[in-house]
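Throughout, protein chains are lettered first and strands after them, A, B, ... in sequence-line order, and every chain is numbered starting at 1.
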Amino acid sequence: MTLLEQEGRGSPPPATPPDAGRSPGPVAWKESEINRLPDLQPQPPQVVAADPRRGRVRASPAFILPVRLAWRQLRAGRTRLASAIAGVMFACVLVFMQLGFRSALFDSATNLPQAMRGELFLVHPLTQALFRTEAMPRSRAYQALAVPDVVSAVPIYFGQANWRNADNGRRRAVQLIGFDAEAGAVAFPGLAGLVDALKQPDTVAFDRRSRPEFGDVAGRLAREGPFEAELGSRRVTVVGTVELGPSFAADGNVVLSETNFRRVMTRRVASNADLIALRLRPGADVDAVKRQLAAALPGDVLVVTQAELVAWERRYWENGTAIGFIFAFGSIMGLIVGMVIVYQILFTDIATHLREYATLKAMGFSQGYLRRVVMGAALILALLGFLPGTLLSVGLYRLLAGATFLPLYMDPSRAAMVFLLIFGMCASAGLLAMRKLREADPADMF
Amino acid sequence: MRPPIDLADVCYAYGSGELARPVLRDVSLSVGPGEIVLLTGPSGSGKTTLLTLIGALRAMQAGSAAVLGQQLMGAREAERVGLRRRIGFIFQNHNLLGFLTARQNVAMTLELEPGTTEQDRLARAGAMLKAVGLGERADALPAKLSGGQRQRVAVARALVGGPGLVLADEPTAALDRQTGHEVMALLRDLAKQRGVPILMVTHDPRILDLADRVVAIEDGRVVTG
């Protein structure tokens, strides 16, 4: 029986060339076709031997072919590929969540300075953050008015006092924000309708987004209207709610007028303010006014723009606390777990294909080519895990933002950073897995 | 002109110092163009080691070995990799990449050739598979092929690049008599038509009749040939 007859069994008859039967010997292999293959001519040795290294560089598009081989290999093991992608996705989502929460917490910490409505602010140089201010003489506000472009100067006071939960009687520290609501230097949602009510003695507005431990203030207000509560050692009337939200520094916020602030915070020096917001004439040159103020005012105040005030607050939380470190640590943990998973997958792929890799080496593929295959696999996994991981993170951000009121959203620069991290993670896993390639020894093939 | 394989006084030992175990002692061997030489001998006689030395898969220790004009004694890794590209290897196990089709496996060899296009490579691989009688199965994965078919794919992979030398290690061991003979005939025809020498390690007495010369190795020495 000839090869061709064997082939023909059970399948459509092969296109047998007319000369097949005439081939000598027991095997009807297509001699004529072999003759027509130009490359079957033994190649003169000097063609390649001239410089094998140069030949290797030009041998193939040096990166596309190994990456294609890597992709074909990954594609063949569907379950393994799926678990590898899931691993990268997991790391990706974990890092996105850590970085998202980190930036959301920093953002919420700057809620307060962001709600301010002023072009310039005066703060004491020793102030660390708005909840930890160094007071300055309130007279700086009047001095600032001496600069013609400054229209108004509004002193703002910060303090902490205990709020008694009317539902269960427990006391908890709440942040007080005292200012003249009519001056328009602070724009909390809900405040505009309370301007007149807050002028009455011992009235306060409560932050409805405060933590629930303060009691259901908003609900009670809706049911009963203004009601009496205990703030510090005074009885105050809750006349309405504003929206600000909790931060690292404060679980809840209470807004009240300058006079009422002093009634609660009896030990504060009345002539001191914590922050002074300056409104400028529309169209005024902010930088020029800033320079004039800095020149005119003594050294116990700094003149900052709103952006600088926000950055000041943020910097305190980023550098002055362990929060930045904690989230960075969480991200690193996610990357390490992802790296171990990718390493496992790549390592297993190499280990199970060791004979094939050794065969490739015997055929003349260099160690560098095989390294590029492993690296290609790592980078394919990075890409395939990152894309769904990012989509999933966008969805999770939406879900969590709705549940926690934290400002969670996908930021392009963060996405770019996470991609670089995931890329680096997969590349390091690839570098580790490459060590296994050394075991692919072509001398063992025979 | 120097013969494609020209060995003189090749010695090789595994291990070093006191524990050194010599496997080849002063082996001299010459294979001319188009010659089919079978290496036989009991297991452990050193014939496989000799094959890996000639195939530039192992570094030389002593002696002189010129293969296709390349001196292997003291050759650098890059020179050895370059030589391997001009040798067609056929292994006892086919060692095809399981995730590539027969055609893609064969085309892998051509990726080492500079300046080839994908289309070109696949066409040449397809023609080569046709020539070994597998034109119909070119797009099958190795797992879907019979043992004989896989070994023929391996033969096609070794031959497609137009090697100057074919080295084979028991290529017929895993095949039945009929298929083994066909694979051998395929190789013989190539050797004769193209002047490509074939050096083959085998225990298979069924294919001795196809050889020009049988070299027997015992205890690291050439005893006949």
Side-chain angles (χ1 to χ4, degrees), chain A residues 1-4 6-8 11-12 14-15 25-31 33-46 48-49 51-53 55-60 65 69 72-77 353 355-356 358-367 441-446, chain B residues 48 51-52 55 57-58 68-70 78-79 81-87 89 91-93 95-100 104 108-116 124 127-128 130-137 152 157 159-164 169 178 181-182 185-186 189-190 193-196 201:
Chain A
M1 192 201 288
T2 68
L3 282 180
L4 287 170
Q6 249 183 345
E7 283 311 302
S11 59
V27 180
W29 74 302
K30 296 165 197 166
E31 203 176 284
E33 287 177 34
I34 288 268
N35 286 329
R36 265 187 266 125
L37 294 173
D39 44 274
L40 280 180
Q41 306 288 344
Q43 294 184 345
Q46 60 271 26
V48 187
D51 185 351
R53 272 178 307 175
R56 182 171 54 201
V57 173
R58 291 183 310 163
S60 55
L65 290 177
L69 189 66
R72 285 173 169 171
Q73 181 174 336
L74 286 172
R75 198 182 49 182
H353 291 111
R355 286 192 72 81
E356 285 84 351
T359 307
L360 289 178
K361 277 194 195 170
M363 285 163 62
F365 285 93
S366 60
Q367 179 84 356
D441 183 358
D444 295 339
M445 293 312 299
F446 282 118
Chain B
T48 298
L51 206 61
T52 55
L57 303 177
R58 207 181 276 286
L68 298 177
Q70 167 74 51
E79 288 167 337
V81 170
L83 176 61
R84 282 181 215 157
R85 290 181 187 177
R86 292 153 54 208
I87 298 177
F89 290 95
F91 307 99
Q92 185 170 354
N93 297 307
N95 292 339
L96 299 173
L97 293 169
F99 51 89
L100 297 183
Q104 289 168 338
M108 279 297 291
T109 303
L110 298 173
E111 286 186 13
L112 290 164
E113 267 180 43
T116 55
R124 282 166 67 185
M128 192 69 226
K130 221 168 173 184
V132 299
L134 281 178
E136 302 289 313
R137 307 300 316 270
R152 273 186 278 161
R157 179 173 65 177
L159 301 187
V160 71
D169 183 33
Q178 173 74 28
H181 219 271
E182 283 162 3
L186 202 66
D189 289 354
L190 172 94
Q193 285 165 24
R194 301 289 162 225
V196 177
V201 164

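The structure places CD of B:Glu111 at 5.5 Å from CZ of A:Phe365, a figure rounded to the nearest 0.5 Å. Rounding to the nearest 0.5 Å places NE2 of A:His353 at 5.5 Å from CZ of B:Phe99. Taking CG of B:Leu97 as the start and CD of A:Glu356 as the end, the distance is 5.5 Å to the nearest 0.5 Å.
Residue contact with chain B, scored on non-hydrogen atoms closer than 4.5 Å, involves the backbone and the side chain of A:Leu69 alike. For B:Leu100, the part sitting under 4.5 Å from any heavy atom of chain A is the side chain, from C-beta outward, and nothing else.
When all heavy atoms are compared, the tightest approach of A:Ala362 to B:Phe91 is CB-CZ, 3.8 Å. Between A:Thr359 and B:Asn95 the shortest heavy-atom distance is OG1-CB, 3.2 Å.
Under the side chain to side chain contact (heavy atoms under 4.5 Å, CB included) criterion, A:Arg75 pairs with A:Trp71, A:Arg72, A:Arg78, not counting sequence neighbours.
Among B:Arg84, B:Arg85, B:Arg157, the one residue that satisfies the side-chain contact (heavy atoms from CB on, under 4.5 Å) test with A:Met363 is B:Arg157.
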